[in-house]
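First the proteins, then the strands, lettered A, B, ... as listed; each starts at 1.
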There are 2 protein chains.
Amino acid sequence: MHGYELRKQLNLVLGSFRALSYGSLYPCLRALAARGWITAAESPDAPPHALAVKRARIVYRLTPEGAEHLRAVLSSAGPSSWEDENFDVRFALFGRTDAETRLRILEGRRTRLTERLETIRQSFQRTRERMDEYTLELQRHGLEQVEREVRWLDDLIDHERGTRRARATDVGRPADVDPAEDALRPGPELKERG
Amino acid sequence: MHGYELRKQLNLVLGSFRALSYGSLYPCLRALAARGWITAAESPDAPPHALAVKRARIVYRLTPEGAEHLRAVLSSAGPSSWEDENFDVRFALFGRTDAETRLRILEGRRTRLTERLETIRQSFQRTRERMDEYTLELQRHGLEQVEREVRWLDDLIDHERGTRRARATDVGRPADVDPAEDALRPGPELKERG
DNA sequence: GTTAGCATGTAAGGAGTTACATGATTTT
DNA sequence: AAAATCATGTAACTCCTTACATGCTAAC
């Protein structure tokens, strides 16, 4: 697929929560090519109504190394997969992620959010006296949002466990994730070195 | 107040949704001083247990110009006040904002979110066929979050209208905001020029 | 025949963060 | 004596955006 089309597709699927501009897409594609994960080939591919296309489109294709790296990233379930910056993208790719990894990411995300809940509740207790009604209401609303997100995750985890039809006794077990797995984190692919 | 203490206070009150590092706080304070909105004075102010404080703390104070600018910013209700980046901070300062401005910001925010709702719903309709269950679930959840936020705003707007005991016939009227008012937007105060 | 869309790309800037450097003071 | 906390600051870097430059093709 070439860059222009790729961006349209990405913004269509992820658009509501994750947009992307050309200024970051094209350098990113070149960085991926420099790492050998994709190849960039000029294509005289004919669009519907054109006899001759002067402006060559650059068609990007995944290399075997890229496919392997993608597979590794999709099967990793370390901290970076459940942080705010990455969780939604990882979730959007759950269709290509195995059940084990899906469950670990959901559990990691849940643990992360309950930790945050504790932090918020503590600062809520400490500062309640000194704050006006609006600041209080804002914090209350933020707390509620996170609580709701945890319940959403609970439903998803239940669903994942249900579809697996195994480990019926495992409910309530903590995440149990090896932090070392996060060595294969998706990370930014924008660096020029490599 | 001096920088170190200021940051502690800020992270205590806003910490759950807006943190701040020294790397941005100190340059920001100097930029504000350069604009004449605050003064920076070395203070040999004695902390509780010290007889002599060698390391002078820099105490920042609002100038009359700074106070006036702050007043102007707090009474502005343009687009920047209800965008994602600013709304929460503006809301946290509602205790120092007049009722008229509070209502306008809440209405502007509500309009902004309902617009977003439309965009999400449309892309939802267009792409529903091509997407797997997880992407769909993510979008459904995102939609629900925004819908909930709109209902939260509705409650707040009702409350604001209730406490004003005026304009009883105004319910349902659109935001009615002069875009020119946003000339006084809070914006980033980090620029060195000025 | 001009506007709109396709297609690739660069330069500059924005709004921060992390990591470091420095040094005093208080607690353990 | 070591470690934590107070206090200020800088350099480098991150990740992304906006605005621009270029030139084609399709639609009105």
Side-chain angles (χ1 to χ4, degrees), chain A residues 1-12 14-15 17-34 38 40-60 80 83-86 89 185-194, chain B residues 1-12 14-15 17-34 38 40-60 80 83-86 89 185-194:
Chain A
M1 195 181 289
H2 60 278
Y4 193 86
E5 193 187 348
L6 181 61
R7 187 206 181 226
K8 271 204 315 183
Q9 292 290 320
L10 280 174
N11 285 357
L12 204 64
L14 308 175
F17 55 94
R18 187 76 57 125
L20 202 59
S21 69
Y22 299 120
S24 55
L25 176 65
Y26 284 117
C28 176
L29 284 171
R30 256 175 300 128
L32 289 174
I38 58 175
E42 292 211 356
S43 150
D45 213 17
H49 299 284
L51 291 173
V53 177
K54 303 272 169 57
R55 176 64 156 174
R57 301 186 302 180
I58 298 177
V59 174
Y60 297 95
S80 74
E83 289 301 317
D84 291 346
E85 317 85 67
N86 295 320
V89 173
R185 56 194 252 233
E189 313 302 359
L190 291 167
K191 300 174 187 175
E192 292 300 328
R193 54 211 174 76
Chain B
M1 195 181 288
H2 60 279
Y4 193 88
E5 193 186 349
L6 181 61
R7 188 205 179 227
K8 270 204 315 183
Q9 291 291 320
L10 280 175
N11 285 357
L12 203 63
L14 308 175
F17 55 94
R18 187 75 58 125
L20 202 58
S21 68
Y22 299 120
S24 54
L25 176 65
Y26 284 116
C28 177
L29 285 172
R30 255 176 300 128
L32 289 173
I38 58 175
E42 292 212 353
S43 147
D45 212 18
H49 299 285
L51 291 174
V53 176
K54 304 271 169 60
R55 177 65 156 176
R57 300 187 303 182
I58 298 178
V59 175
Y60 297 95
S80 74
E83 289 301 316
D84 291 346
E85 316 84 67
N86 295 319
V89 172
R185 57 195 251 235
E189 313 303 358
L190 291 167
K191 300 174 188 176
E192 293 301 328
R193 55 210 175 77

Between [N] atom [atom2] and [X] atom [atom1], what is the distance in whole Å?
X       : N      : atom1 : atom2 : result
A/Tyr60 : C/dA7  : OH    : P     : 13 Å
A/Leu25 : C/dC6  : CG    : C1'   : 14 Å
A/Leu29 : C/dA7  : CG    : P     : 14 Å
B/Asn11 : D/dC6  : CG    : P     : 13 Å
B/Tyr22 : C/dG23 : OH    : P     : 19 Å
A/Glu85 : C/dG16 : CD    : C1'   : 14 Å
B/Arg7  : D/dT5  : CZ    : P     : 13 Å
A/Leu14 : D/dC16 : CG    : C1'   : 16 Å

Looking only at side-chain atoms of [X], point me to the closest of [options].
X       : options               : answer
B/Lys8  : D/dC6, D/dG9, D/dA7   : D/dC6
B/Ser24 : C/dT17, C/dT10, D/dA7 : C/dT17
B/Tyr26 : C/dA7, D/dA7, D/dC6   : D/dA7
B/Ser21 : D/dT8, C/dT17, C/dG5  : C/dT17

Only one of A/Tyr60, A/Tyr22, A/Tyr26 clears ring-ring contact (aromatic ring centres under 6.0 Å, His included) with A/Tyr4; which?
A/Tyr22
Rounded to the nearest 0.5 Å, what separates atom [atom1] in [X] from atom [atom2] in [Y]?
X       : Y       : atom1 : atom2 : value
A/Gln9  : A/Leu20 : CD    : CG    : 13.5 Å
B/Lys8  : B/His2  : NZ    : NE2   : 7.5 Å
B/Leu10 : B/Glu5  : CG    : CD    : 11.0 Å
B/Arg57 : B/Met1  : CZ    : CE    : 11.0 Å
A/Leu29 : A/Leu6  : CG    : CG    : 6.0 Å

Just jot down the salt bridge (Lys or Arg N to Asp or Glu O under 4.0 Å) partners of A/Glu83, sequence neighbours excluded, or say none.
A/Arg112
Between C/dT8 and A/Tyr4, is there an OP1 or OP2 to side-chain N/O distance shorter than 4.0 Å?
no
Respond yes when some side-chain nitrogen or oxygen of A/Arg30 is under 4.0 Å from OP1 or OP2 of C/dT10, and no when none is.
yes
Under 4.0 Å, heavy atoms only, any strand: does A/Gly3 hit a base, just the sugar-phosphate, or nothing?
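Sugar-phosphate, backbone atoms only, no base.
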Through what angle, rounded to 10 degrees, does the axis of the helix from C/dG1-D/dC28 to C/dT28-D/dA1 turn between its ends, using five pairs per end?
30°
